[in-house]
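Below is one structure, written out as structure tokens; the observations come after it.
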Amino acid sequence: MKRMLSGIKPTGQLTLGNYIGALRNFVKYQDDYEMIVFIANLHCITEYQDPEELRRNLTDAVALYIACGLDPKKATIFLQTDVHAHAELGYIMACNTYLGELNRMTQFKDKSQKGEKNMTAGLYTYPCLMAADILLYDANYVPVGEDQKQHVELTRDLAQRFNNKYGDTFVVPEPLIAQVGARIMSLSDPSKKMSKSEESNKGCIYLLDDLKAARKKIMSAVTDSIGIIQLDKENQPGLYNLIEIGSALTGRSMEDIVKEFEGQGYGKLKGFVADAVCDELAMIQERYNQIIESRQIEEVLSDGAARASAIADKTLENVKKKIGLEIKYQ
Ligand code: TYM
């Protein structure tokens, strides 16, 4: 069975973008692949997080993984800091990464171009840690949204570089990006990705949003004044995004949705998308509440960490041997 690995960084509440672009795909793949999914808590602290809030977001993220359909018996679910090998291999990967490569990473570039002050060294070397996250597990595939593709490509380069220097060590992973929903846009500004770090909450739907609030966000999503329901991503990005969300959640093709709503007003289409979103959120939230009450999270995480450590520790040992970091006592 091929292995798949991915993670989410809960710097805030998980979003509909996380769900459509990543989480629901983990669920789809868990029967056919050996699935390893972790909570990237080390990645959260590249910027200051309120400790109480961070703890709550981490717990919610685990509960939401399960609520969205990940089965802890099939998938290995764990917290990044519970497997120490991540931080250690992260440092080793940083020693095999060139500054030029990190300077080219879009996330870092965007932030520095915006003139953000006090950017941390952790933010800069983040892609090295992400490479370690993946390479520790010999993952064949990494299911992610489009924004993470560049990071997985760097991971491939680093794996190949290491293999060339030290001999075959790492499996070179491939990013797996869904055809529909790999980049869900903000509802209030469809030129930007839907993201938990958005300043106003209007453009972002959170999986734990109150259903009425979620419906309102969809119904007041920014569209255009063209007034025709069709697939024109360039001139009608807001409309396209809504149709994509509807398609991802109902499994119907985008063309099929356009056919149904052709010639009608945007309001009708928005109502359809809002129903699809609210049905999905209602189901997720019901299970989320049960999981929080059942107090199974600790057990899931300790079981997951044991399984993950067994794989990761072996890889790290091998890496250290290859580099010459170990002294062998006779
Ligand atoms: P993060 O937490 O930003 O996002 C988690 C996953 O959700 C996807 N995603 C989206 N997909 C579609 N539309 C959107 N608007 C949207 N927003 C987010 C992301 O592409 C991602 O797949 N660096 C990673 C976490 C990470 C990781 C890893 C992932 C750390 N180590 C190793 C894979 C493998 C991140 O910040 O994702």
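One-based numbering, in listed order, for ligands and for the atoms of each. All heavy atoms count here, side chains included; hydrogens, waters and symmetry mates do not.
- The CG atom of L136 sits 9.0 Å away from atom CG of L5, with the distance rounded to the nearest 0.5 Å.
- The residue among F38, Y126, Y137 with a heavy atom at the shortest distance from atom 36 (O) of ligand 1 is Y126.
- At the top of the distance list for atom 3 (O) of ligand 1, counting protein heavy atoms only, stands Q148 NE2, 4.1 Å.
- Residue-environment remark: CD (E326) exceeds the threshold of 12 foreign heavy atoms within 6.0 Å.
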Table please: side-chain donor-acceptor pairs of residues 251-259 below 3.5 Å, with sequence neighbours left out.
| residue | atom | partner | partner atom | Å |
| --- | --- | --- | --- | --- |
| R252 | NE | D256 | OD2 | 3.0 |
| R252 | NH1 | E260 | OE1 | 2.9 |
| R252 | NH2 | D256 | OD2 | 3.4 |
| R252 | NH2 | E260 | OE1 | 2.6 |
| S253 | OG | D256 | N | 3.1 |

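- Nearest non-hydrogen protein atom to atom 13 (N) of ligand 1 is I184 N, 2.8 Å.
- Contacts with ligand 1 closer than 4.0 Å are made by side-chain heavy atoms of K196 only, the backbone lying farther away.
- A salt bridge does not link R183 with D147: none of the charged nitrogens is closer than 4.0 Å to a carboxylate oxygen.
- Classification of D275 and R215 as a salt-bridged pair holds, one side-chain N sitting under 4.0 Å from a carboxylate O.
- Within the 4.0 Å heavy-atom criterion, neither part of I20 lies near ligand 1.
- With respect to the salt-bridge test (charged N to carboxylate O, under 4.0 angstrom), the residues K111 and E47 qualify.
- Within 6.0 Å of atom CD in Q230, more than 12 heavy atoms from other residues, nucleotides or ligands are found, so the atom counts as buried in its surroundings.
- With values rounded to the nearest 0.5 angstrom, E153 atom CD is found 12.5 Å from E101 atom CD.
- Taking the charged nitrogens against the carboxylate oxygens, R307 and D303 do have a contact shorter than 4.0 Å, which makes a salt bridge.
- Looking from atom 25 (C) of ligand 1 to the surrounding protein, the closest heavy atom is G7 O, 3.7 Å.
- For atom 22 (O) of ligand 1, the closest non-hydrogen atom on the protein side is G145 N, 3.0 Å.
- N18 ND2, 3.5 Å is the protein heavy atom nearest to atom 5 (C) of ligand 1.
- Which parts of ligand 1 touch V144 is read off a 4.0 Å heavy-atom cut-off, strictly below it: atoms 22 (O), 33 (C).
- In summary, R24 and E280 do not engage in a salt bridge, as defined by a charged side-chain N under 4.0 Å from a carboxylate O.
- Atom 31 (N) of ligand 1 has D133 OD2, 2.7 Å as its closest protein atom, hydrogens excluded (heavy atom only).
- Taking every non-hydrogen atom of G181 and a distance limit under 4.0 Å, the qualifying atoms of ligand 1 come out as 12 (C).
- The backbone of A182, and not its side chain, has at least one atom closer than 4.0 Å to an atom of ligand 1 (non-hydrogen atoms only; backbone = N, CA, C, O).
- Closest protein heavy atom to atom 2 (O) of ligand 1: K9 N, 2.8 Å.
- Here the protein heavy atom with the shortest distance to atom 6 (C) of ligand 1 is A22 CB, 3.6 Å.
- For K322, the NZ atom counts as densely surrounded, since its 6.0 Å shell holds more than 12 non-hydrogen atoms of other residues, nucleotides or ligands.
- The closest non-hydrogen atom to atom 28 (C) of ligand 1, taken over H151, M130, M185, comes from M130.
- The proximity of V142 to ligand 1, defined as any non-hydrogen pair under 4.0 Å, is limited to the side chain.
- Numbered from 1 in the order shown, with element, the atoms of ligand 1 that lie under 4.0 Å from a heavy atom of D147 read 19 (C), 20 (O).
- Looking at P10, G17, A131 and measuring to atom 11 (N) of ligand 1, the nearest heavy atom belongs to G17.
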